[in-house]
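Every heavy atom of this structure was used, including side-chain atoms; hydrogens, water molecules and symmetry mates were not.
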Amino acid sequence: PLYRSKDQPELLKQVTVGFGSPLSALSFTRDGSTIYAAGTDRYIYAYDVEYMQDLNFLQRLGGEAMVTLEGGTLDNIGGVVGHTDRVHSICSHPFLPNVIFSAGQEGRVLLWDMRQGNANPQIFASGVFRGDTMDISAAGTTLLTGNYEHGNSLLLHEIRMPFKGQAKRPLKTYSWSGDEDRLESGRYHTQSLLNAVGWDAFENKFIIAAGQEDNLARVFEIPPEGSKRPLHIVSTLEGDAPFTS
């Protein structure tokens, strides 16, 4: 444009992340002090935000493991710390600014503590991830993940800090089909491979999910605690192309 309207957004700062590899995940901390970015190079980059005027590089997570000598044998030769494939999603804990979760195409959700750097990120959950398919509840107690596969593609994971051990089974699993009626063949009316999921911002009684195959986005209401009912479909939006975010 030949002129800039006062209502138009203004670019404050931009940086080249890492070596300029394509990015596929981006997240602010809740207090807005840090930005996390990640993509095809498998690393997670942390930037400090100074009054929204500058982005200062803080830390890089992931990469090749250090060779260590334990018990007289070389350990972790050629190994990788963190993700072994593209990082699709990042989210930070709402009350623990040093704690972040990342989901990779290799099928793992990792829990990182920024105070420990690359030291032993924990495998928190597993799944099939192809988009921004993670979100943490407002209370910081439940992680929502969405799988890029049919069946129980919406999963709820309990967050207990400090976290110890290997990935545990999800607290709840739900089908994209929700409370749709079945066809005579036994198949539900619609299917979706999820590319994006999220909580509502307030009471976390609702989930939004979108994807491809039938190119649909949906708002679901979560059944009461202890109920065995499926997700209730509040509304459905049909797209002309796959939903990616």
Could you tell me the separation between the [atom1] atom of [X] and the [atom2] atom of [Y], rounded to the nearest 0.5 Å?
X: Tyr43; Y: Gln59; atom1: OH; atom2: CD; value: 13.5 Å
X: Gln191; Y: Gln212; atom1: CD; atom2: CD; value: 12.5 Å
X: His93; Y: Asn98; atom1: NE2; atom2: CG; value: 11.5 Å
X: Arg169; Y: Ser126; atom1: CZ; atom2: OG; value: 11.0 Å

Should [X] and [Y] be counted in the same cluster of Ile, Leu, Val, Met, Phe, Trp and Tyr side chains packed under 4.5 Å apart?
X: Ile207; Y: Phe243; result: no
X: Ile233; Y: Ile222; result: yes
X: Phe124; Y: Leu155; result: no
X: Leu216; Y: Phe220; result: yes

Closer than 3.5 angstrom, by distance alone: can the side chain of [X] be matched with the main-chain N or O of [Y] as a donor-acceptor pair?
X: Asp200; Y: Lys205; result: yes
X: Asn195; Y: Gly131; result: no
X: Asn204; Y: Trp199; result: no
X: Asp113; Y: Val99; result: no

Is there a ring pair (Phe, Tyr, Trp, His ring centres under 6.0 Å) between Phe129 and Tyr148 once you walk through the steps?
CA-CA 6 Å; Phe129 307 110; Tyr148 189 84; over 10 Å; no
Show, in sequence, the C-alpha distance, side-chain angles and deciding distance for Leu143 and Leu156, and conclude whether the side-chain contact (heavy atoms from CB on, under 4.5 Å) test is met.
CA-CA 6 Å; Leu143 178 71; Leu156 304 183; over 6 Å; no
If you take all heavy atoms of [X] and [Y], which pair is closest and at what distance?
X: Ser92; Y: Tyr36; answer: CB-CE1, 4.3 Å
X: Pro94; Y: Ser137; answer: CG-O, 3.8 Å
X: Asn152; Y: Ser175; answer: OD1-N, 3.7 Å
X: Pro223; Y: Leu231; answer: CD-CD2, 3.9 Å
X: Glu106; Y: Asp85; answer: OE1-N, 3.5 Å

Should [X] and [Y] count as side-chain neighbours, where that means a heavy-atom distance under 4.5 Å?
X: Glu213; Y: Trp176; result: no
X: Met134; Y: Val109; result: yes
X: Ile159; Y: Thr141; result: no
X: Arg229; Y: Asp179; result: no
X: Asp214; Y: Ser192; result: no
X: Leu171; Y: His157; result: no
X: Thr142; Y: Ile136; result: no
X: Leu154; Y: Leu194; result: yes

Give a yes-or-no answer on whether the side chains of [X] and [Y] include a donor-acceptor pair shorter than 3.5 Å.
X: Ser89; Y: Asp132; answer: yes
X: Thr133; Y: His88; answer: no
X: Arg218; Y: Thr190; answer: yes

Give the ring-plane orientation class for Phe57 versus Tyr45, where under 30° counts as parallel, over 60° as perpendicular and anything between as tilted.
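Tilted.
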Do the rings of His83 and Trp112 sit parallel, tilted or perpendicular, given the 30° and 60° boundaries?
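Ring orientation, 0 to 90° scale: tilted.
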Begin from the C-alpha positions of Ile100 and Ile44 and carry the test side-chain contact (heavy atoms from CB on, under 4.5 Å) through to its verdict.
CA-CA 10 Å; Ile100 64 171; Ile44 299 171; 4.1 Å; yes
Run the side-chain contact (heavy atoms from CB on, under 4.5 Å) check on Met114 and Leu61 step by step: do they pass?
CA-CA 8 Å; Met114 297 294 290; Leu61 303 175; 3.5 Å; yes
Could you walk me through whether Ile208 and Val197 pass side-chain contact (heavy atoms from CB on, under 4.5 Å), step by step?
CA-CA 6 Å; Ile208 188 168; Val197 300; over 6 Å; no
Which pairs of donor and acceptor atoms, one on a side chain in residues 24-32, lie under 3.5 Å apart (sequence neighbours left out)?
| residue | atom | partner | partner atom | Å |
| --- | --- | --- | --- | --- |
| Ser24 | OG | Val87 | O | 2.5 |
| Thr29 | OG1 | Asp31 | OD1 | 2.7 |
| Thr29 | OG1 | Ser33 | N | 3.3 |
| Thr29 | OG1 | Thr34 | N | 3.2 |
| Asp31 | OD1 | Ser33 | N | 3.0 |
| Asp31 | OD1 | Ser33 | OG | 2.8 |
| Asp31 | OD2 | Ser33 | OG | 3.2 |

